[in-house]
Amino acid sequence: MATAGISTAEKTEKLTLAQAVNHGLAQEMERDPSVLVMGEDVGMDGGVFRVTEGLLDKFGPDRVMDTPLAESAIVGAAVGLAIAGFRPVCEIQFTGFVYPALNQLFAHAARYRNRSRGRYPLPMVIRMPYGGGIHPPEHHSESYEALFAHTPGLKVVIPSTPGDAKGLIVSAIRDDDPVIFMEPKRIYRAFREEVSPEDYTVPIGQARIAADGKDVAIIAYGAMVRAALEARETLARRNVSAEVVDLRTINPMDIETILRSAEKTGRVVVVHEAPRNAGVGAEIAALIQERAMLSLLAPVQRVCGFDAVFPFPRLEEHYLPAKERVLEAVQKTLDF
Amino acid sequence: MATAGISTAEKTEKLTLAQAVNHGLAQEMERDPSVLVMGEDVGMDGGVFRVTEGLLDKFGPDRVMDTPLAESAIVGAAVGLAIAGFRPVCEIQFTGFVYPALNQLFAHAARYRNRSRGRYPLPMVIRMPYGGGIHPPEHHSESYEALFAHTPGLKVVIPSTPGDAKGLIVSAIRDDDPVIFMEPKRIYRAFREEVSPEDYTVPIGQARIAADGKDVAIIAYGAMVRAALEARETLARRNVSAEVVDLRTINPMDIETILRSAEKTGRVVVVHEAPRNAGVGAEIAALIQERAMLSLLAPVQRVCGFDAVFPFPRLEEHYLPAKERVLEAVQKTLDF
Amino acid sequence: MRVGRLCRYPVKRARGNLVQPEAVIKARGSPKSDLAFETGDKMPVTIIHEARTERLEILDRSGKADEALLPKLSSEEMASLYKLMVRMRRFDEKALALQRQGRMGTWGSVRGQEACQAGLAVNLLKEDWLAPSFREHGVMISHGIPMRQIYALWRGDERGHLFPEGVNCLPVSIPVASQLLHAAGLGLGLKLRGEKSAVAIGFAGDGASSEGDFHEALNFGGVFKSRTLFFIQNNQWAISVPFHKQTAARSIAQRAPAYGMPGMQVDGNDVLAVYAATKKALDHVRAGNGPYLLECLTYRMENHTTADDASRYRLAEELAYWKERDPIDRMRAFLVSRKLWDDKKGQALLEEVSAEVEAEVKAFEAEPAAPATDIVDFMYKERPWFLEEQRALLAREAR
Amino acid sequence: MRVGRLCRYPVKRARGNLVQPEAVIKARGSPKSDLAFETGDKMPVTIIHEARTERLEILDRSGKADEALLPKLSSEEMASLYKLMVRMRRFDEKALALQRQGRMGTWGSVRGQEACQAGLAVNLLKEDWLAPSFREHGVMISHGIPMRQIYALWRGDERGHLFPEGVNCLPVSIPVASQLLHAAGLGLGLKLRGEKSAVAIGFAGDGASSEGDFHEALNFGGVFKSRTLFFIQNNQWAISVPFHKQTAARSIAQRAPAYGMPGMQVDGNDVLAVYAATKKALDHVRAGNGPYLLECLTYRMENHTTADDASRYRLAEELAYWKERDPIDRMRAFLVSRKLWDDKKGQALLEEVSAEVEAEVKAFEAEPAAPATDIVDFMYKERPWFLEEQRALLAREAR
Ligand SMILES: Cc1ncc(C[n+]2csc(CCOP(=O)(O)OP(=O)(O)O)c2C)c(N)n1
Ligand SMILES: Cc1ncc(C[n+]2csc(CCOP(=O)(O)OP(=O)(O)O)c2C)c(N)n1
Ligand SMILES: [Mg+2]
Ligand SMILES: [Mg+2]
């Protein structure tokens with residue numbers, strides 16, 4: 001049977017990032033009957049972004065569960081389901097609505113393996129769209145990856161392409177530890193890409209050189225990778241060769257790749273949407289100066305969201321880091 | 001009337017940090033009838049650490065409220081009380097139990113002034129003991145200041161001495177924005193200090209040079225200031241002159257003082273109990289390399305808690321950063 | 001080191017007379033549980049609690065009223081209830097039209113819930129506080145918030161939230177149920193201030209009732225007898241999730257006993273019933289008896305928001321069924337049957353509210369966007385150094 | 001740019017036939033609310049829900065039983081209930097003694113609640129799962145967890161949590177009420193796995209019942225008919241806060257209707273009543289009828305924990321009152337009155353359990369501390385690079 005969401009194709013297809021996640025979910029549910037999908041509106045509605053579309057029809061209400069409107073219940077019940085032998089994939093409708101679930105995530109999901117001395121690992125995935133760019137009401141544009149990165153026991157993954165999205169969601173589902181899987185909603189459908197219908201994984205913990213260069217390294221993830229690549233084009237015209245590193249995993253970070261690019265170029269700019277203060281960019285800057293200071297030709301620059309609430313739509317474009325701000329930061333490293 | 005907690009003294013008294021907070025609370029409640037204290041066991045019991053002791057007898061149940069066991073309710077109701085014209089001071093019994101309140105803190109307390117374009121500022125204080133060192137059960141040793149520092153709209157204050165504790169709690173209560181006030185439970189009663197019975201404040205946003213030096217700057221806060229000072233003594237015997245900076249406010253950070261010490265010494269070690277990854281130490285290192293790289297003689301070193309769950313009591317001493325680890329880090333900056 | 005030495009809280013080490021003499025405890029009012037003397041004496045099976053939950057309906061769907069229950073309202077007051085509803089609907093329809101034209105952001109329609117919000121609105125005093133969720137436009141414009149501000153808000157402009165001085169309404173709260181706690185705290189604040197009339201209204205939907213904050217708010221309000229009306233509009237859907245998947249309970253109203261407060265359900269498409277029920281509930285709260293839980297059983301006639309497509313999960317026949325129970329048609333039928341309304345009046349009313357709505361649209365669309373620096377300017381009373389730097393960047397880019 | 005263009009979710013842009021044909025919705029089972037056909041037809045006041053909450057008591061405080069209600073238990077079974085309680089108390093008393101000597105960490109005593117936990121324990125099957133809070137030692141040791149492990153745990157050693165294979169018990173959960181959600185999810189998992197007997201028991205106290213997670217867990221369990229017994233020990237105190245300050249409700253049991261599940265209150269100091277009530281509740285859950293809410297009304301005889309000093313907030317006379325209602329004395333009186341127990345038996349039992357307890361203490365105290373590297377070794381299945389580095393530091397310091 002064919003429904004909108006799910007691929008029945010034998011050969012490579014052009015998919016959006018949202019569809020790629022959908023295909024990854026469908027493939028894993030097919031392969032492993034212990035995989036469950038649960039969350040608000042994930043069933044009949046297929047998720048407000050249609051990422052779980054078609055799964056209810058294909059796998060039925062025992063494996064695709066519309067839950068009550070209660071995020072703590074979604075994650076807390078998933079903990080129990082994981083202990084019962086399932087691999088729940090929870091959807092939190094927006095990152096701005098994950099806070100009610102933080103007690104279950106921080107006090108339990110992140111700690112259960114450790115607390116039980118390895119007896120109860122929790123193979124669970126918490127998916128959530130994150131970031132700005134869709135002009136929604138308040139609370140629909142948050143980027144809170146630093147919270148999860150700062151919490152020992154969680155892994156944090158953020159794809160930036162359809163191909164990675166499928167490979168990473170599969171890895172996340174197969175991972176025996178809780179994985180926070182943040183999806184850049186801004187590029188859910190921004191572009192399509194050839195995605196193999198095969199069963200493949202992209203390993204958690206490995207960054208990707210999105211484009212190589214020698215003068216400066218731009219480290220980004222999620223929707224910001226595009227801003228980085230746009231900046232790279234402009235820089236090329238100015239005869240500046242920029243390398244773009246797509247982090248893909250926020251925790252555990254790919255320290256080798258980060259240091260290699262830093263040492264190779266001597267100049268680093270980190271880009272993310274989240275606020276600056278104690279954000280992921282701070283960690284990257286701290287690590288680089290700690291471990292590669294002597295190869296630095298300039299201080300690591302950070303291009304972040306403001307230390308302010310994400311604005312309502314009419315001012316949204318002023319909040320998000322854009323190509324111009326990346327260029328400005330790169331210039332700083334060149335002029336230093 | 002005199003009860004255990006509350007000072008009636010006219011002249012300077014030797015107080016513990018816990019007593020100093022208690023005196024600050026009592027003085028402000030005396031001065032300003034809109035100040036309320038609310039939380040679990042803050043009334044009849046005087047708080048599990050006795051920080052609110054005597055307040056119920058002195059100010060009555062309408063101003064000192066034992067709440068139901070519900071952290072989201074404590075903070076959420078405080079938001080409403082602040083809008084009604086009160087200045088609630090909430091106690092969260094331990095930082096490890098603040099997670100259920102994070103939705104109210106992140107989605108509302110931190111955003112209300114901004115959301116209402118200044119119409120509804122929220123003068124409220126959220127007090128919570130934090131950190132390790134008392135050999136308690138799980139969840140009683142957490143240090144999560146980075147969460148709050150990363151959330152725009154909150155201020156984060158951590159005293160390390162009785163004198164500062166009183167002056168800072170008073171400033172926090174008088175502040176028109178929400179202040180997270182984290183109390184280092186480990187040193188609640190570790191030592192006494194002369195504290196003036198006068199009405200005085202210590203400004204939020206200003207660090208303190210706990211001890212000056214010229215070869216290396218050790219930046220710490222809360223209970224870690226003592227580890228830093230102990231390290232300083234040992235270093236002195238090795239003819240290394242260490243400056244100790246007590247941050248006091250985590251957000252907004254005192255950038256001038258931090259940079260001045262960094263530029264003066266060229267070597268910086270940051271110490272905190274919280275995990276490393278995207279912690280406050282990362283922000284400090286990032287800021288220093290960003291703004292003072294040329295004066296650095298070595299990379300900024302971080303001495304943090306492990307990226308692991310705070311262990312149960314039998315292994316606790318191995319988790320907490322101690323003098324030895326600080327010395328090791330200082331040596332790294334000297335050998336660089 | 002002796003294990004556990006450090007792990008007692010410092011009870012024994014703090015100063016002063018820590019062990020409270022019995023006298024002191026008694027003086028403070030014994031905290032002894034009122035249950036403390038209830039077991040081990042009686043036998044065998046005792047009924048410790050009984051509860052019944054009622055639903056009030058006054059108008060049937062054809063507009064025929066139960067005379068006995070008819071609230072004592074003058075003809076004008078009856079008509080004004082109707083007028084309020086028509087004004088709300090016109091306001092709402094306009095927003096949907098603007099959204100289709102790309103002149104409005106995501107809009108959550110109040111269509112179908114006008115009776116709930118009008119029946120409440122006419123019982124409100126100026127000094128009452130609203131703690132709205134995102135679907136309370138109807139009662140908000142009735143409580144004194146200019147339409148233009150709500151339009152501006154959902155068009156994506158924070159300045160819409162700067163409500164006129166003296167209009168007691170909190171900003172729109174989007175995390176469902178969270179505002180119920182603000183209403184509980186505000187209601188307690190009003191009590192502590194010694195208010196004798198003002199109360200706080202906390203709004204939430206059927207979906208929101210599953211959140212932990214719903215529970216904590218009602219329980220907190222109950223314990224402190226806060227001056228709060230918990231006003232639940234059960235429109236039977238939470239986006240795509242129907243009420244029977246939201247909870248195994250048959251109603252929200254039957255949760256009142258769980259918090260030791262009174263509660264009831266009312267036909268939310270029957271404005272006279274909502275009027276009567278709200279009046280009863282507000283009398284209870286205003287008198288200082290503590291909070292009240294009122295559930296309005298209504299129906300969401302539109303998509304969840306303009307971002308939603310309800311045809312994916314909802315049957316057309318269900319919608320048709322509820323069209324026949326439209327709160328506005330029902331009240332009009334009632335008024336007409338009593339000769340209190342006719343087409344001429346209807347025409348005049350429509351022209352009046354349409355003119356108002358058009359004027360408000362003009363006004364909000366005339367507003368230029370706020371300066372980008374507004375992003376950082378309302379975060380704290382004083383801007384810290386980093387926001388000064390970030391503000392400079394925004395200002396630079398603006399040039 | 002046209003405002004709002006981006007702010008619709010991409011309904012219109014995704015591929016395929018998005019608007020579900022009615023047929024498909026029907027085929028999936030119409031999500032139509034079962035309330036959808038209930039308003040606008042009936043008039044005027046209807047009772048939509050009635051609930052009564054019962055409390056069961058079988059033994060009065062003198063140990064006299066209500067014959068009619070006496071559960072059908074053999075003499076041995078009756079005695080075994082008593083033995084379980086004595087074993088729990090001895091285990092608990094020993095921990096308190098160790099703590100006073102600095103050989104134990106913070107200890108939360110189960111004294112006074114033995115009847116709740118013994119009455120439940122004897123109804124448990126090996127395959128049942130416990131989701132304990134921090135005061136469930138009694139039922140835990142009865143369900144097969146070695147005393148030494150619970151001692152080790154509260155002495156501050158995570159290895160205590162490595163319960164024996166096949167003993168279905170989750171680690172102790174300290175954030176109150178949070179474990180109720182694990183029990184709800186586990187109970188759903190057991191249902192999905194097609195279990196016909198196994199159930200999950202979620203434990204919480206009266207204070208915990210105020211947390212949002214209590215509400216979310218019972219509501220979730222109710223919706224999914226999970227195989228979960230929500231077992232609430234209302235010992236009337238949450239540290240220093242008495243039950244009547246915890247909620248305006250008179251009982252926890254009366255909250256069952258709020259979640260569409262059955263519930264009752266039982267005298268938690270009456271082990272026969274707890275036995276009977278638990279049996280009834282477990283039969284309901286095992287049969288697949290969904291969750292059950294059982295409230296045991298009991299009393300915390302000790303300080304909250306060894307870190308607490310209850311004399312600061314609790315009247316001596318209240319404690320005295322409850323001493324007269326001690327669950328163990330009461331059951332002994334009953335057994336003695338039936339010639340099922342005497343001092344000789346009592347002496348033998350005491351010696352037996354004391355010997356066991358002493359052996360267990362020896363065993364746990366013989367355990368050397370775990371290596372410091374354990375701090376990082378259980379965080380993830382594989383250690384990431386930073387934990388390798390941190391492990392090296394710990395190893396270095398250990399040398
Ligand atoms: C805490 C939280 N989780 C998720 C959402 C996303 N969301 C917005 S409205 C909604 C459904 C709300 O249903 P209900 O409470 O019945 O209100 P209604 O929309 O029917 O008025 C959801 C899930 C949210 N706003 N807040
Ligand atoms: C979420 C959370 N907040 C606060 C605490 C601190 N605390 C530990 S036990 C307790 C009281 C619990 O009372 P109750 O639920 O009645 O259980 P009891 O101690 O009576 O067995 C509190 C407030 C906690 N453990 N978890
Ligand atoms: Mg609804
Ligand atoms: Mg209790």
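So you know, we letter chains A, B, ... as the sequences are listed, proteins then strands, and number each from 1.
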Problem - Side chain proximity check, T106(D) to H140(B), heavy atoms < 4.5 angstrom - result: no
Exercise for the section: May I ask you to decide if L69(B)'s main-chain N or O and Q246(D)'s side chain share a donor-acceptor pair within less than 3.5 Å? Expected result: yes
Exercise for the section: Calculate, to the nearest 0.5 Å, the distance between atoms CZ and CG belonging to R159(D) and L315(B) respectively. Expected result: 7.5 Å
Exercise for the section: Write down the atom of W385(D), the atom of R276(B), and the distance for their closest heavy-atom approach. Expected result: CH2-NH1, 4.3 Å
Exercise for the section: Kindly determine whether V241(D) and E40(B) satisfy side chain to side chain contact (heavy atoms under 4.5 Å, CB included), including the steps that lead there. Expected result: CA-CA 8 Å; V241(D) 180; E40(B) 295 154 12; 5.8 Å; no
Handout entry: Exercise: identify the closest heavy-atom pair between G156(D) and P313(B)
Key = CA-CD, 3.5 Å
Exercise for the section: Might you work through the side chain to side chain contact (heavy atoms under 4.5 Å, CB included) test for L393(D) and E328(B), ending with a clear yes or no? Expected result: CA-CA 11 Å; L393(D) 168 64; E328(B) 196 177 354; 3.9 Å; yes
Handout entry: Interface moiety of P311(B) toward chain D, non-hydrogen atoms closer than 4.5 Å
Key = both
Handout entry: Portion of P371(D) that has a non-hydrogen atom of chain B nearer than 4.5 angstrom
Key = backbone
Handout entry: Closest approach of H318(B) to A372(D) (non-hydrogen atoms, all atoms of both residues)
Key = CG-CB, 3.5 Å
Fill in the blank from the handout: Under 4.5 Å to a heavy atom of chain B? For R391(D) that would be neither
Completion exercise
Okay, P171(D) and chain B: the region with an atom under 4.5 Å from a heavy atom over there is neither
Problem - From E367(D) atom CD to R314(B) atom CZ, the distance as rounded to the nearest 0.5 Å - result: 7.5 Å
Handout entry: E138(B)/E158(D) under side chain to side chain contact (heavy atoms under 4.5 Å, CB included): CA gap, chis, key distance, verdict
Key = CA-CA 10 Å; E138(B) 195 186 355; E158(D) 280 93 347; over 6 Å; no
Fill in the blank from the handout: Okay, F306(B) and chain D: the region with an atom under 4.5 Å from a heavy atom over there is both
